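Comments concern the structure below.
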Amino acid sequence: MSISDLLESTPAGDADKPQSLTIRRPDDWHVHVRDGAMMKAVLPFTAAQFARGIIMPNLTPPVTTATAASAYRDRIRAALPAGSDFEPLMTCYLTDSTSPDEIERGYREGIWLAAKLYPAGATTNAHHGVTNIPALAPVFERMERIGMAVLVHGESTDPAVDIFDREAVFMERSMLPLLNAHPGLKVVVEHATTAETLDLVRAHAGRAACTITAHHLVINRTSIFQGGLRPHLYCLPVAKRERHRLALRKAAASGEACFMLGTDTAPHPRAAKQAECCSAGIFSGATALQTYVQVFDEEGALDRFEAFASLNGARFHGLEPNAGTVTLVRKPSQAMAAVAVEGDEVVVFEGGKTLPWSIAN
Ligand code: DOR
Ligand code: ZN
């Protein structure tokens with residue numbers, strides 16, 4: 001028997017479980033595809049897994065105008081592998097000087113779907129972000145009126161706040177006031193990492209939702225320090241305690257309409273991760289779907305995976321679900337360890353491991 005025969009055999013005890021799962025093609029409601037050579041290297045993975053993706057605008061310089069978003073969308077389409085029908089859904093990077101008219105123009109012209117709110121300095125390329133959220137009220141009022149969603153990186157930037165408390169403090173000090181000040185505003189709390197954030201979203205379900213990453217379903221904060229410091233598990237918001245990871249798994253697996261798939265796949269070259277000051281971001285673009293389905297399997301919730309991956313986000317954003325399906329199979333396969341890019345490489349989340357689920361061709 002060859003090694004590949006061994007890998008393809010069904011593990012004992014799994015024979016009575018579903019061997020495959022066919023769902024409508026999923027979407028990634030939070031993805032960083034970057035630009036240039038990095039985009040060329042990582043985009044094919046997202047395009048192979050997802051039909052659409054909400055593209056993060058935190059480039060250098062950030063994507064703050066409809067013209068820049070349209071040009072970026074053209075570059076993404078040009079970088080897609082031949083034959084791919086992946087659809088990039090663009091976002092506007094909010095700054096202190098974003099104008100309501102520009103927001104509306106890009107939305108009405110079908111250039112962008114949503115706006116991204118980074119508190120200034122909260123994360124990678126967020127230094128042009130918003131310093132005073134309430135002062136952006138005219139923008140939010142316009143978005144309320146036209147039905148455009150704001151996607152929020154929910155972390156406090158107060159340097160006195162402990163890094164593990166930044167999400168909780170932001171929800172209290174900034175998210176709740178934003179929700180209350182703009183009762184008609186559609187809000188996506190991005191990459192939720194705490195049980196309390198999930199409860200806040202549930203309490204505003206209908207016009208609030210959140211994305212949940214694959215990595216936050218798998219790692220907790222101790223994972224980052226397992227046997228030493230693990231730079232490739234460092235992202236923002238940083239992973240939290242085990243009780244939060246368990247709450248995230250239950251929320252995703254619940255199928256509740258306010259929880260949707262968003263990988264936050266965020267590639268950085270190995271040199272930027274294994275550095276004196278490690279960049280925040282986990283590249284899950286090549287393994288996200290396999291990881292999510294494994295979690296749903298472990299939670300006994302395969303029947304709810306389609307809602308999370310393919311239906312909830314589309315409904316929230318007022319889009320049709322995708323036509324066509326993807327089939328996931330209970331067939332172990334080894335994840336690639338890294339993706340080459342410009343003389344360096346990007347380390348893959350769960351890379352090198354044998355994952356129990358694969359995507360059927
Ligand atoms: O870990 C992260 N990386 N979190 C973010 O919010 C941004 C992202 C990036 O762009 O690298
Ligand atoms: Zn992100």
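What you see is a predicted model; the values in this text were computed from it and never measured. When a ligand or atom number is given, it counts from 1 through the structure's own listing order. Index from 1, following the sequence. Just so you know, these numbers use all the heavy atoms, side chains as well, and skip hydrogens, waters and symmetry mates.
- Using a 3.5 Å distance cut-off with no hydrogens or angles, the side chains of E167 and T193 do pair a donor with an acceptor.
- Protein heavy atom in closest approach to atom 4 (N) of ligand 1: L236 O, 2.8 Å.
- Side-chain contact of K240 with T194: a donor-acceptor pair under 3.5 Å is absent, judged by distance alone.
- Protein heavy atom in closest approach to atom 3 (N) of ligand 1: A280 O, 3.0 Å.
- Sorting the N, O or S atoms of D264 by how far they are from the Zn ion (ligand 2) puts OD1 first.
- Taking a 4.0 Å cut-off on heavy atoms, H268 registers as neighbouring ligand 1.
- Within ligand 1, counting atoms from 1 as listed, the ones closer than 4.0 Å to a heavy atom of A266 are 3 (N), 8 (C), 9 (C), 11 (O).
- By the 3.5 Å distance cut-off applied to N or O atoms, I282 is not counted among the residues near ligand 1.
- Aromatic ring orientation, H191 versus H30: tilted (interplanar angle from 30° to 60°).
- Within the listing of ligand 1, atoms 1 (O) sit less than 4.0 angstrom from a heavy atom of C235.
- Under the side-chain contact (heavy atoms from CB on, under 4.5 Å) test applied with V346, the options R34, M38, H268, R270 reduce to a single match, M38.
- For the ring pair (Phe, Tyr, Trp, His ring centres under 6.0 Å) criterion with Y292, the lone passing option out of F308, W357, F259 is F308.
- The aromatic ring centres of F86 and F50 sit 6.0 Å or more apart.
- The part of R34 lying near ligand 1 is the side chain, judged by heavy-atom distances below 4.0 Å.
- Contact annotation: for H153 versus ligand 1, heavy atoms closer than 4.0 Å belong to the side chain alone.
- The pair E190-K116 meets the salt-bridge criterion, since a charged nitrogen lies less than 4.0 angstrom from a carboxylate oxygen.
- Short contacts between ligand 1 and N58, defined as distances under 4.0 Å to a heavy atom of the residue, involve ligand atoms 9 (C), 10 (O).
- If you check the side chains of Q290 and Q294, you find no donor sitting under 3.5 Å from an acceptor.
- Ligand 1 is never approached by H215 to a heavy-atom distance shorter than 4.0 Å.
- Taking the charged nitrogens against the carboxylate oxygens, R249 and E298 do have a contact shorter than 4.0 Å, which makes a salt bridge.
- Looking only at heavy atoms of the protein, atom 7 (C) of ligand 1 is closest to T123 OG1, 3.3 Å.
- Centred on the Zn ion (ligand 2), the NE2 atom of H30 and the NE2 atom of H32 lie at an angle of 110°, reported to 10°.
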